[in-house]
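On a predicted model such as this, the values are computed, not experimentally measured, just so you know.
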Amino acid sequence: MTINTLTEIKSLEPREKMYNRGCGDGLYIKVESIRRGGNKFFTGEFKRKYVYIGKCGSSPKDYDLKKAKNEWFKIKQWCIETNLHPKEYKNRNKASLTYTLRNAIDGFLEDIAPTIKETTLKEYCYKLNSTILEHIDEDTKLNDLEWDNGGRIKIKNILNKIANGRKYELRERCRKLLHQTFKFAIGEGYMRRGQNPAEKERRDVGHRIVHHKSISWSDIPDLLKAINFNKCNAEINTILCTKFMLLTALRSGAATRIRWDMVKEVNGYKCLVIEGTTAGLKRRKGKSDHIPHLIPITKEIELLLKKSKEINGEHDYVFPAWRTKKYPHLNPEAPNKFLGNIGYKNVLVAHGCRSIFMTASKEILKFPHGIIDLQLGHIHNCKVDAAYDRSQMLEERRDLLAKFNALL
């Protein structure tokens, strides 16, 4: 029986045990046992979570049925918007007034850490704690950054300072991180829904997607001459690693982290077996980082590895660091800087080696896209293929690499 009037509430007599009656829409009137005084009070239930609303009575602090229903409507609406426990409603203002940008960043990083790679987490920490907080006080109250409180303008000004008229890609990455941070705070109930100041609008301008710079196949002979000439006098490991990237189409993050213990035999083929957790393979933590990337070793790759062994001796990494202590291996930025220093700045970046590989494999060698995709280390976009297709196609991939390496 649903309670609809105050008269019906007054008619509820206390019993030996506490009982309750529904008032509709998740609101209840509870009647205490005779032993505990037989008092009546309102409670609300939302998704099997209960909250005390207040005592039923006639004093200013007490609730009648209408007042209880209005209060419960506010609480339930807040729970829907924030996805938080109803008990958190009474502390909402106190918590949000003291919650700062520092709290939001720390909470977001702690929340996302188990789902991303260590290198990605390190990058996020640097961008949030250094790049962004260089332009805004970490103790800024999150309330002050809500859209309605002028937060949109504040965030835009910060992002424009980061871009500095040219670093638009960095600005966009920082905006996305701030968007995720504020989204986390909204989910925790510290910022109102619809108030994310880092939201991207369609009319936002100043950033456009620019693909990695690369060169045509006809320009490859000049590139190889420039690499061998080494006019900037780069160290030998940088030159070898750049050539290795041309031969294998690996990203620099993964290429610089190649170790000698990755050289293994797989199904009769000598390969580099790169763990899926290796930075630069673009595997998602917990979803695709269990999938290794295999590179069949051609005679050209074998010669390059042999030269590295002669130069570096017994070292864990194929391309060890000589001058820096930041990494035990070659700095992942080294191949990119090397290309710029030998005359290819704004013409070719290290990642462009992958474009060279794909284009030549299709246009010149006429290999099917599936084999090329496998060798580039791409993960299936189709969930069904990702679940069932475990093929490596090593024979075809070795044939592809051998013919591509011969072209170089």
Side-chain angles (χ1 to χ4, degrees), residues 1-104 106-108 110-112 114-115 141-149 151 180-197:
M1 182 181 74
T2 302
I3 301 296
N4 295 310
T5 66
L6 186 58
T7 302
E8 289 175 329
I9 292 177
K10 289 180 178 179
S11 68
L12 298 174
E13 297 292 337
R15 301 175 183 175
E16 292 298 322
K17 292 184 179 180
M18 184 178 73
Y19 68 98
N20 62 59
R21 290 288 181 267
C23 301
D25 206 23
L27 180 68
Y28 294 88
I29 180 75
K30 288 187 178 287
V31 184
E32 288 185 330
S33 64
I34 297 173
R35 182 172 59 85
R36 300 195 65 175
N39 293 313
K40 300 170 186 177
F41 56 92
F42 291 99
T43 63
E45 184 267 329
F46 179 71
K47 293 184 177 180
R48 298 181 181 241
K49 297 173 182 177
Y50 298 86
V51 62
Y52 172 82
I53 294 175
K55 185 180 176 182
C56 178
S58 56
S59 71
K61 291 184 178 180
D62 293 340
Y63 287 81
D64 58 20
L65 184 57
K66 183 178 180 181
K67 185 179 176 182
K69 282 188 174 182
N70 288 338
E71 182 67 8
W72 174 235
F73 176 78
K74 292 178 184 176
I75 294 173
K76 195 164 77 165
Q77 188 66 29
W78 181 84
C79 291
I80 292 171
E81 291 177 354
T82 63
N83 198 31
L84 292 178
H85 195 291
K87 289 182 180 179
E88 301 290 335
Y89 177 77
K90 291 187 178 180
N91 296 323
R92 70 195 185 285
N93 292 328
K94 182 179 177 181
S96 61
L97 287 173
T98 58
Y99 200 76
T100 65
L101 181 58
R102 171 82 277 160
N103 298 138
D106 289 345
F108 165 68
E110 182 180 352
D111 182 66
I112 203 172
T115 66
K141 299 292 187 295
L142 220 59
N143 274 355
D144 295 336
L145 292 176
E146 289 187 345
W147 192 303
D148 290 347
N149 295 331
Q180 287 181 273
T181 301
F182 294 133
K183 187 177 179 181
F184 165 81
I186 289 170
E188 294 296 304
Y190 295 112
M191 180 178 269
R192 291 176 294 162
R193 282 194 174 185
Q195 295 294 317
N196 192 326

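Side chains of F42 and K69 form no contact here, defined as non-hydrogen atoms less than 4.5 Å apart. Side-chain contact between Y19 and L12: present, with at least one pair of heavy atoms (C-beta onward) separated by less than 4.5 Å. Here the side chains of D148 and Q195 are in contact, with some heavy-atom distance below 4.5 Å. A 4.5 Å side-chain heavy-atom check between F182 and L142 finds at least one atom pair inside the cut-off. Contact of the N196 side chain with the I186 side chain is registered, since non-hydrogen atoms from C-beta on lie closer than 4.5 Å. Taking the side chain as every heavy atom from C-beta outward, E8 and L65 never approach each other to under 4.5 Å. Looking at heavy atoms from C-beta onward, I75 lies in side-chain contact with W72 at the 4.5 angstrom threshold. By the 4.5 Å heavy-atom criterion applied to side chains, E188 and D111 are not counted as neighbours.
With hydrogens and angles ignored, the 3.5 Å screen pairs a side-chain donor or acceptor of K67 with a backbone N or O of D62.
Annotation: the span from C23 atom SG to N20 atom CG amounts to 9.0 Å, rounded to 0.5 Å. The OG1 atom of T5 sits 14.5 Å away from the NZ atom of K66 when rounded to the nearest 0.5 Å. Rounded to the nearest 0.5 Å, atoms CG (N103) and CZ (F108) are 15.0 Å apart.
For the residue pair M18 and V31, the shortest heavy atom distance occurs at CG-O, 3.0 Å.
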